[in-house]
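Throughout, numbering of the chain's residues begins at 1 and tracks the sequence. Heavy-atom basis, side chains included; hydrogens, waters and symmetry copies ignored. Just follow the structure's listing: the first ligand is 1, and inside any ligand the first atom is 1.
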Amino acid sequence: MRWVVTGGLGFIGSNFIRIALRERPDLEIVNLDAMTYAGNPANLRDIEPARRYRFVHGDIADPAAVREALGDGADAIVNFAAETHVDRSILDPEAFLKTDILGTHVLLEAVREQKIARFLQVSTDEVYGHVAEGESKEDDNLRPRSPYSASKAGGDLQVLAYHTTFGTPVIITRGSNTYGPYQYPEKLIPLFITNLIDDQTVPVYGDGMQIRDWLHVEDHAHGIMHVLEQGELGEIYNIGGGNGRTNLEITEKLMHGCGRDIKTHVRHVADREGHDRRYAIDTAKARALGWKPRVAFESGLPATIQWYRENEAWWRPLKSGEFGEYYKRQYAHR
Ligand code: DAU
């Protein structure tokens with residue numbers, strides 16, 4: 001069995017590769033990754049070099065790189081490769097169109113040409129847009145509201161169109177906000193933990209009452225693997241943790257876990273433009289397939305804080321260099 005995983009040096013992709021190699025002894029994985037700012041070889045330092053793992057440096061929007069990764073074939077492609085950060089999509093939307101839409105298209109063409117048996121598109125609950133109440137179901141209308149989520153929705157629509165038009169064997173997963181080890185420190189949880197470890201303030205957008213549903217990365221990786229192996233072609237599966245929390249609740253927990261005081265360590269800053277207030281997804285369909293999240297948020301969050309405490313050598317280099325420039329651009333004026 002050989003799977004080509006794209007974006008496998010990123011946060012969810014690297015956790016997926018580690019788990020899949022551990023739990024599927026006959027599996028070989030080829031990892032195609034462009035090594036952008038978020039694609040970090042250190043995310044897989046513990047498994048490389050491995051007999052059942054091959055790395056190809058390249059972009060999913062480049063057909064030659066995709067051909068090289070596919071070599072003489074694969075049983076499945078799992079597409080994690082994406083530009084993923086909403087704030088960056090507000091600063092610079094174009095990169096999102098290229099990777100999330102054009103890159104997906106190039107992969108779909110390769111699936112057709114090489115008759116790959118399964119293509120799994122890793123997507124996001126953000127494509128449903130802000131949900132005032134209730135939970136988004138897989139067949140709800142898409143109402144993406146940021147350049148990031150609009151690009152992901154564009155990718156999803158291409159995937160579904162290929163299924164309808166060409167019979168391409170596709171599946172889509174839509175995950176909720178994911179947290180855990182190896183997450184690039186631009187995202188809420190790792191940014192706040194690493195700032196607090198360094199005794200810095202954390203920037204809370206607007207009133208902090210926005211709601212996200214938190215999912216541990218191992219649960220997300222297991223969900224994707226489960227759907228890849230058991231899901232029905234042409235179907236979409238929501239994968240969420242069922243842990244809806246306001247950003248202020250998360251901030252309080254992180255303050256507590258890092259031994260800091262909310263009064264001195266929160267900086268209220270201008271809200272994100274077009275900020276979605278709430279996401280919530282119905283995960284009954286993935287659960288009916290036999291998947292469910294296993295990591296309780298009450299233990300997963302403290303364990304994540306502990307991981308960042310113990311792995312400063314992993315995140316400190318990331319917070320210098322490119323990140324410093326980005327942080328200034330993103331936060332200095334707010
Ligand atoms: O819902 C799934 C999505 O979750 C994924 O598709 C995205 O790739 C991922 O980035 C994430 O999107 P969010 O925009 O929800 O994640 P982020 O960590 O950027 O922000 C989480 C919440 O925290 C959001 O309401 C904005 C807020 N926030 C974020 C940052 C970085 C702050 O208040 N301050 C911050 O500095």
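- At least one heavy atom of E186 lies less than 4.0 angstrom from ligand 1.
- Residue contacts with ligand 1 do not include Q330, since none of its heavy atoms lies under 4.0 Å from the ligand.
- Between K187 and ligand 1, at least one N/O pair is under 3.5 Å apart.
- Side-chain contact annotation: Y279 with Q210, donor-acceptor N/O pair under 3.5 Å absent.
- Here L188 has heavy atoms under 4.0 Å from ligand 1 in both its backbone and its side chain.
- Here's the thing with Y148: one of its N/O atoms is less than 3.5 angstrom from an N/O atom of ligand 1.
- Neither the backbone nor the side chain of A82 comes within 4.0 Å of ligand 1, counting heavy atoms alone.
- At a 4.0 Å heavy-atom cut-off, ligand 1 touches T84 through backbone and side chain alike.
- The option from T251, N177, V204 that lies nearest to atom 11 (C) of ligand 1, judged by heavy atoms, is N177.
- Taking only non-hydrogen atoms, the option from D87, T178, D125 nearest to atom 2 (C) of ligand 1 is D125.
- In terms of protein heavy-atom proximity, atom 34 (N) of ligand 1 is nearest to P203 O, 2.7 Å.
- We find that E252 and R260 are not joined by a salt bridge, their nearest charged nitrogen and carboxylate oxygen being 4.0 Å or further apart.
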